Peer 1: 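Okay, handing you the structure first.
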Amino acid sequence: MKVKIFPSECNGKIHIPPSKSMAHRAIICASLANGKSTISNVAFSKDILATIDGMKNLGATINIEDNTLYIEGIKDFQHIKSPIIDCNESGSTLRFLIPIFSLTNQEITFTGSKRLLERPLSIYQKIFQEQNLDFLQDDTKVQIHQSIKAQEYTIQGNISSQFISGLLFTLPLLKEDSILHILPPFESKSYIDLTIQMLEKFGISIHFLDSNTIVIPGNQSYLPYSYTVEGDYSQFAFFAVYAAISNTLEITGVSLDSKQGDKEILSILNSFGVKIESLKNGYKIYKSNLIGHDIDLANCPDLGPILCVLAMYSLGNTHIYHANRLRIKECDRIYAMETELKKFGVSISSSEDDIYIKHCQHPICVEELFGHNDHRIVMALTIASACSTSSTTILDAHAISKSYPTFFEDFQYIHGKVEYL
């Protein structure tokens with residue numbers, strides 16, 4: 001899909017869609033609970049549909065009515081419906097489900113599309129090999145066979161938190177206790193907090209012994225629970241940055257006491273000089289005089305692309321650091337944003353772990369932009385284009401379906417101008 005974005009000022013109110021991170025976790029927990037759970041306020045992006053299909057293959061019964069899931073969880077791991085799990089492009093689905101499906105003690109094959117199977121799985125590969133379990137990865141699949149074991153694990157803290165979450169879903173179901181030692185720096189800890197918060201709702205007890213040690217008692221069982229998915233701060237960020245640059249906007253649908261790591265967007269905007277007013281279920285973001293500032297991306301890597309856009313419209317210089325994990329997402333997001341923002345005349349450069357951006361006084365783009373098959377790149381470039389002084393064409397815009405299929409409709413709802421080509 002190709003879209004043309006025109007300069008425009010946002011206006012009015014926007015209600016943010018539900019959190020993909022929280023929905024993944026709730027669907028998995030409900031599917032592991034022997035009984036009936038209800039998960040409401042679900043947005044059915046491609047990633048969420050991949051997790052739903054995966055848990056159906058494990059044996060859960062999942063019925064969809066409007067934006068609600070009615071889930072009858074599994075009684076055991078001996079009644080899987082299919083040993084082939086298609087994760088599409090969802091890294092969360094793949095990394096969450098590998099250890100869970102190991103409990104079937106059957107040969108399981110995980111498949112995926114685009115760059116998914118190129119993304120690193122060395123953490124799991126090492127665990128399986130050290131426990132003398134089968135683990136095969138190539139360009140088309142990952143194959144496992146036999147259950148992981150309860151033990152003391154040592155995991156690097158600067159890799160994707162999805163590996164840690166995958167173990168946290170699985171280890172409570174083993175008979176013996178386990179311990180996770182997280183080697184510093186412990187990045188994206190907020191995502192681990194989200195996992196533990198969801199596990200607690202479904203009756204699983206896990207606790208931190210200290211800031212880098214997680215104790216997981218074994219011989220536990222998931223309990224059914226009814227849960228309403230909260231709004232997504234990673235999607236909130238696109239409209240919040242649009243408002244800060246363009247025009248004041250009310251953004252609702254998020255929890256003010258959320259533990260989502262991407263809630264960090266509020267303090268980042270504040271550091272750039274943005275005025276923010278709290279509402280009952282969201283925030284009013286005011287158009288502000290933006291001043292560049294250093295940004296630590298360690299605990300909120302998904303904000304990287306839209307923060308590059310914030311930086312290009314902010315006076316002075318911005319340094320984004322601890323950004324290296326952007327290079328192993330759906331695309332190399334540092335390379336993608338550097339390539340595309342240069343088309344606007346932005347002075348942007350990078351190292352392996354850093355991004356340096358200077359204010360662009362009159363951003364004009366006369367070339368076509370490319371979305372790099374990455375939903376967050378497409379959405380970030382949409383905001384960059386809307387705030388510029390010329391219309392811009394974005395190729396590969398269909399990538400938004402991965403996480404936010406209605407993004408362009410919502411963009412238009414707040415008076416953003418888009419034409420489908």
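Here the structure is a predicted model, which is why all the values come from computation and not from measurement. Counting from 1, the numbers follow the sequence of the chain as shown.
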Peer 1: Does Ser226 have any side-chain contact (heavy atoms from CB on, under 4.5 Å) partners at least two apart in sequence or in another chain, and if so, which?
Peer 2: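 Partners of Ser226 by the side-chain contact (heavy atoms from CB on, under 4.5 Å) criterion, ordered by chain and then number, come out as Thr38.
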Peer 1: How would you list all residue pairs meeting salt bridge (charged side-chain N to carboxylate O under 4.0 Å, His left out) that involve residues 370-390, not counting sequence neighbours?
Peer 2: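 Residue pairs passing salt bridge (charged side-chain N to carboxylate O under 4.0 Å, His left out), neighbours aside: Asp302-Arg376, Arg333-Asp374.
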Peer 1: Pair up each side-chain donor or acceptor in residues 270-281 with any protein partner under 3.5 Å, not counting sequence neighbours, and list the distances.
Peer 2:
from: Ser271; atom 1: OG; to: Ile268; atom 2: O; distance (Å): 2.6
from: Glu277; atom 1: OE1; to: Tyr286; atom 2: OH; distance (Å): 2.7

Peer 1: Using the rule given for side-chain hydrogen bond (donor to acceptor under 3.5 Å, both in side chains), can you reason through Ser403 versus Ser45, listing the C-alpha separation, both sets of side-chain angles and the distance that settles it, and then say yes or no?
Peer 2: CA-CA 5 Å; Ser403 68; Ser45 63; over 6 Å; no
Peer 1: So, Lys343 and Glu368, do they make that salt bridge, N to O below 4.0 Å?
Peer 2: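 So Lys343 does not pair with Glu368 through a salt bridge.
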Peer 1: For Thr140, check side chain to side chain donor-acceptor pair (under 3.5 Å) against everything at least two apart and list the hits.
Peer 2: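 In terms of side chain to side chain donor-acceptor pair (under 3.5 Å), with neighbours along the sequence ignored, Thr140 is linked to Asp138.
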Peer 1: Report the residues that fulfil side-chain contact (heavy atoms from CB on, under 4.5 Å) with Asp257, sequence neighbours left out, ordered by chain and then residue number.
Peer 2: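 By the side-chain contact (heavy atoms from CB on, under 4.5 Å) rule, Asp257 matches Ser255.
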Peer 1: Going by the rule ring pair (Phe, Tyr, Trp, His ring centres under 6.0 Å), which residues pair with Phe236 if we only count those two or more places apart in sequence or in a different chain?
Peer 2: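 For Phe236, the residues satisfying ring pair (Phe, Tyr, Trp, His ring centres under 6.0 Å) (neighbours in sequence not counted) are Tyr233, Tyr283.
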Peer 1: Identify each donor-acceptor pair in which a side-chain atom of residues 316-323 lies under 3.5 Å from a protein atom, sequence neighbours left out, and give them as a table.
Peer 2:
from: His319; atom 1: NE2; to: Asp354; atom 2: OD2; distance (Å): 2.7
from: His322; atom 1: ND1; to: Asp296; atom 2: OD1; distance (Å): 2.9

Peer 1: What residues, two or more places apart in sequence or in another chain, satisfy salt bridge (charged side-chain N to carboxylate O under 4.0 Å, His left out) together with Glu250?
Peer 2: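 So Glu250 forms a salt bridge (charged side-chain N to carboxylate O under 4.0 Å, His left out) with Lys13.
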Peer 1: With sequence neighbours excluded, tell me which residues meet side chain to side chain donor-acceptor pair (under 3.5 Å) with Ser385.
Peer 2: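 With sequence neighbours excluded, Ser385 shows a side chain to side chain donor-acceptor pair (under 3.5 Å) to no residue whatsoever.
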Peer 1: Suppose we screen for side-chain contact (heavy atoms from CB on, under 4.5 Å). Which residues come up paired with Ile80, at least two apart in sequence or across chains?
Peer 2: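 Listed in chain order: Leu58, Pro83, Thr104, Gln106, Ile108.
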Peer 1: Identify the two heavy atoms, one from Ser8 and one from Ser246, that lie closest to each other, and give their separation to 0.1 Å.
Peer 2: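 Ser8 and Ser246 have their closest heavy atoms at O-OG, 3.7 Å.
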Peer 1: Can you list, pair by pair, the side-chain donor-acceptor contacts under 3.5 Å of residues 407-421, counting residues two or more places apart and other chains?
Peer 2:
from: Asp410; atom 1: OD2; to: Tyr404; atom 2: OH; distance (Å): 2.5

Peer 1: Taking salt bridge (charged side-chain N to carboxylate O under 4.0 Å, His left out) as the definition, give me every residue that meets it alongside Asp53, ordered by chain and number, with sequence neighbours left out.
Peer 2: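 Testing Asp53 for salt bridge (charged side-chain N to carboxylate O under 4.0 Å, His left out), a comparison that skips the adjacent residues, returns none.
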